[in-house]
> 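Mind looking over this structure? Questions follow.
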Amino acid sequence: MLKRTKIVKLLAEDKELPEVLVKGWVRTKRDAKDFSFIEVNDGSCLKNIQIIANSNLPNYSDVKKITTGSSVAVSGALVASQGGSQKFEIVAGKFEIYSLAPDDFPLQKKKHTDEFLRSIAHLRPRTNKYGAAFRIRSQLSYAVHKFFQERGFKYVHTPIITGSDCEGAGEMFQVTTLDLNNLPRTKDGKVDYSKDFFGKEAHLTVSGQLNGEMYATALGDIYTFGPTFRAENSNTPRHAAEFWMIEPEMAFADINDDMDLAEDMVRFCVRDVMENCADDLELFEKYVDPTLKTTLATIMDSDFARITYTEAIEIMQKSGKKFEYKPEYGVDLQTEHERFLAEEYFKKPVIVRDYPKEIKAFYMKLNPDGKTVAAMDVLVPRIGELIGGSQREDDYQKLVKRIEENGMKEEDYDWYLDSRRYGSVPHAGFGLGFERMMMLVTGIANIRDVIPFPRTPNSVNF
RNA sequence: UCCGACUUAGCUCAGUGGUAGAGCAAUCGGCUGUUAACCGAUUGGUCGCUGGUUCGAGCCCAGCAGUCGGAGCCA
């Protein structure tokens with residue numbers, strides 16, 4: 001029996017074939033007097049295969065009823081196309097219709113806005129653009145694993161549900177099985193979480209880092225790659241409530257090793273996608289961001305700029321540029337500052353390090369100057385912060401002091417502090433927002449369009 | 001959450017106080033191997049919701065909702 005061949009493989013053939021079988025979804029149909037051109041896409045690649053359906057097909061009257069969105073199986077000869085736009089086409093010998101899409105199929109043979117397609121996010125992967133985006137997303141995920149696995153990093157599955165109610169990275173979603181309309185109360189009127197599923201408050205993770213550090217101080221080099229949740233009311237094209245984060249952690253490593261790893265990783269992933277998704281990337285260069293190839297070439301061919309936070313402030317002060325937020329030592333870099341550095345000043349990715357300790361997280365290693373911490377952010381054109389990382393404070397006493405300074409409770413971090421009690425070593429890591437890397441690689445401007453089913457404030461559809 | 005813009009046919013939009021429009025899609029028909037094919041015809045509307053001003057509101061005013069953009073928070 002004839003087996004199905006994917007379209008990506010057929011189009012890579014170097015000669016005609018007497019009989020092939022393709023299955024897929026109809027993108028468009030053009031009728032002539034005695035035959036029809038039907039373009040079928042099976043998602044294996046951007047391109048469609050053109051089917052020639054002649055009127056001598058026994059079910060030609062049914063074939064003429066085919067609509068955009070219908071599912072079909074076609075067998076016939078793969079022949080060189082007479083038309084100019086494609087190498088091969090299939091002359092149908094047998095044309096099976098799985099299912100006709102009714103005339104209310106919402107995807108038309110024309111360009112749709114991203115906003116409309118978001119409202120039908122369950123169908124948008126059937127468009128050229130979103131099909132391409134999600135093939136790239138798959139390749140980019142694979143590249144992340146390849147990069148780390150080739151370097152001996154172990155993949156660690158950190159928990160999605162966490163009992164630490166303060167991982168120090170923003171608002172959390174609460175997880176509960178309590179009846180919200182009839183909450184159990186303690187004597188002083190507070191919610192009695194001892195009656196909840198876990199016997200205490202639980203949340204969705206905002207970061208796997210603390211867990212990751214424990215595994216790095218056992219397996220050496222590790223990485224996490226999984227979903228992350230932030231309950232922040234952020235309404236921007238760069239934030240989602242559910243997103244995927246990559247968090248490597250290296251034992252016996254300092255801030256320089258961390259920066260090297262971040263730079264190597266971004267470069268590796270960009271190169272991998274360019275090598276494996278050339279057709280899909282071309283669509284984005286052509287229709288989404290005409291500067292995409294230049295941007296990606298810059299990332300691959302030139303070293304990232306590396307400066308300290310203090311130098312970044314000085315550069316901006318001397319630039320003469322008017323900023324809405326005046327650059328001053330002690331204030332965190334604003335979006336306009338990040339974009340100035342990456343887009344205008346360096347015109348390439350830039351790593352800013354050694355931030356004042358006041359504006360960074362408690363676990364970052366205090367530098368010898370006593371004022372700054374060994375933190376590093378990778379800023380890229382158009383997106384701003386792609387990566388945030390640091391060398392971790394490995395001194396037990398200093399870490400406890402930083403926990404106190406930040407108004408946090410030492411007992412909540414008791415398990416985490418064991419990494420500093422027992423065989424503490426210098427170590428470093430970072431967090432990379434996977435969707436932001438997708439935006440970088442595709443040129444897509446909105447995070448809602450690089451994740452299959454986006455979750456944002458006021459929106460959990462599909 | 002703050003600031004701003006927008007919301008009219010399935011989609012993209014026009015319509016500045018007096019009888020709701022176009023292109024595309026869909027449907028039907030035509031057509032020489034087409035490429036988002038082409039040509040002709042037909043169908044399609046509670047103008048986001050609620051209230052107000054007016055003889056009369058898609059249009060003016062208020063509130064609400066949603067979407068988008070910018071900012072903050074961050075990945």
Side-chain angles (χ1 to χ4, degrees), chain A residues 27-39 47-54 64-65 67-69 79 81-86 89 91 101-120 127-128 168-171 205-209 224-247 262 287 324-325 331-339 359-361 377-380 383-389 430-440 445-451 456-459 461:
Chain A
R27 283 295 176 79
T28 179
K29 175 167 71 87
R30 293 178 289 271
D31 290 329
K33 185 162 186 156
D34 290 319
F35 63 99
S36 301
F37 298 103
I38 296 164
E39 295 214 25
K47 290 196 178 81
N48 306 323
I49 188 117
Q50 176 165 284
I51 311 290
I52 310 298
N54 284 304
K64 281 202 85 162
K65 290 183 197 145
T67 50
T68 301
V79 300
S81 178
Q82 297 174 32
S85 302
Q86 59 277 318
E89 62 194 16
V91 179
D103 59 21
D104 59 358
F105 182 63
L107 293 170
Q108 302 168 9
K109 298 182 280 187
K110 66 167 205 169
K111 188 176 157 50
H112 287 292
T113 60
D114 293 325
E115 289 79 12
F116 171 67
L117 291 171
R118 243 169 255 159
S119 74
I120 51 166
T127 64
N128 287 339
E171 295 296 309
T205 183
V206 292
S207 164
Q209 182 196 314
T224 72
F225 183 8
T228 308
F229 307 87
R230 302 275 167 91
E232 260 136 31
N233 192 10
S234 297
N235 294 286
T236 85
R238 299 185 303 282
H239 293 87
E242 178 182 292
F243 63 101
W244 284 60
M245 191 151 66
I246 297 149
E247 295 180 290
Y287 297 113
E324 197 180 329
Y325 293 86
V331 300
D332 204 356
L333 296 184
Q334 305 295 308
T335 297
E336 57 172 339
H337 301 150
E338 293 174 352
R339 297 190 63 162
I359 57 175
K360 286 294 182 184
D377 286 356
V378 179
L379 313 177
V380 297
I383 290 153
E385 188 177 341
L386 177 69
I387 290 174
F430 61 78
L432 180 151
F434 184 63
E435 283 73 21
R436 290 193 181 171
M437 189 156 66
M438 272 295 292
M439 294 165 73
L440 178 70
N446 197 310
I447 198 168
R448 297 171 178 89
D449 300 331
V450 296
I451 189 166
T456 52
N458 256 311
S459 176
N461 302 315

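Since we're looking at a predicted model, the values are computed, not measured. First the proteins, then the strands, lettered A, B, ... as listed; each starts at 1.
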> Taking side chain to side chain contact (heavy atoms under 4.5 Å, CB included) as the definition, give me every residue that meets it alongside T113(A), ordered by chain and number, with sequence neighbours left out.
E115(A), F116(A)

> With heavy atoms under 4.0 Å as the rule, sort I387(A) into base, sugar-phosphate or nothing.
sugar-phosphate

> At under 4.0 Å between heavy atoms, how does the protein contact nucleotides 26-39 of chain B? Give one character per nucleotide, 5' to 3', with B, S or -.
SS---BSBBBBB--

> Taking atom P in both A20(B) and G29(B), what distance in whole Å separates the two?
33 Å

> Distance between the C1' atoms of A22(B) and C60(B), in whole angstroms?
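One C1' to the other, the span is 26 Å.
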
> What interatomic distance, in whole Å, is found between C1' of G66(B) and the corresponding atom of G21(B)?
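The answer is 25 Å between these two C1' atoms.
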
> Can you tell me the pairing partner of G18(B) across any strand shown, Watson-Crick or G-U wobble, with both distances under 3.5 angstrom?
C55(B)

> When the P atoms of A25(B) and C38(B) are compared, how many Å lie between them, rounded to an integer?
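It comes out at 7 Å once rounded to the nearest Å.
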
> Name the pairing partner of C28(B), where a pair is Watson-Crick or G-U wobble with both distances under 3.5 Å, or state none.
G40(B)

> Who pairs with E385(A) by salt bridge (charged side-chain N to carboxylate O under 4.0 Å, His left out), at least two apart in sequence or on another chain?
none

> Could you identify the nucleotide paired to U7(B), looking across every strand shown and requiring Watson-Crick or G-U wobble geometry with both distances under 3.5 Å?
A65(B)

> Any side-chain heavy atom of N446(A) within less than 4.5 Å of one from R118(A)?
yes

> Mind checking the P distance from G40(B) to U46(B)? Whole angstroms is fine.
29 Å

> Please state the P separation for the pair G10(B) and A26(B) - nearest whole angstrom.
15 Å

> Just call it for Y325(A): base, sugar-phosphate, or nothing, with non-hydrogen atoms closer than 4.0 Å on any strand.
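Touches sugar-phosphate only.
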
> For every nucleotide of nucleotides 64-69 of chain B, 5' to 3': is a protein heavy atom under 4.0 Å from its base (B), only from its sugar-phosphate (S), or from neither (-)?
--S-SS

> For D114(A), what residues pass the salt bridge (charged side-chain N to carboxylate O under 4.0 Å, His left out) criterion, not counting sequence neighbours?
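Salt bridge (charged side-chain N to carboxylate O under 4.0 Å, His left out) check on D114(A) returns K129(A).
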
> Could you tell me whether F243(A) contacts a base, only the sugar-phosphate backbone, or nothing, with contacts defined as non-hydrogen atoms closer than 4.0 Å?
base

> Taking side chain to side chain contact (heavy atoms under 4.5 Å, CB included) as the definition, give me every residue that meets it alongside D103(A), ordered by chain and number, with sequence neighbours left out.
none

> Classify H239(A) by what it touches in the nucleic acid, base, sugar-phosphate, or nothing, heavy-atom distance under 4.0 Å.
base

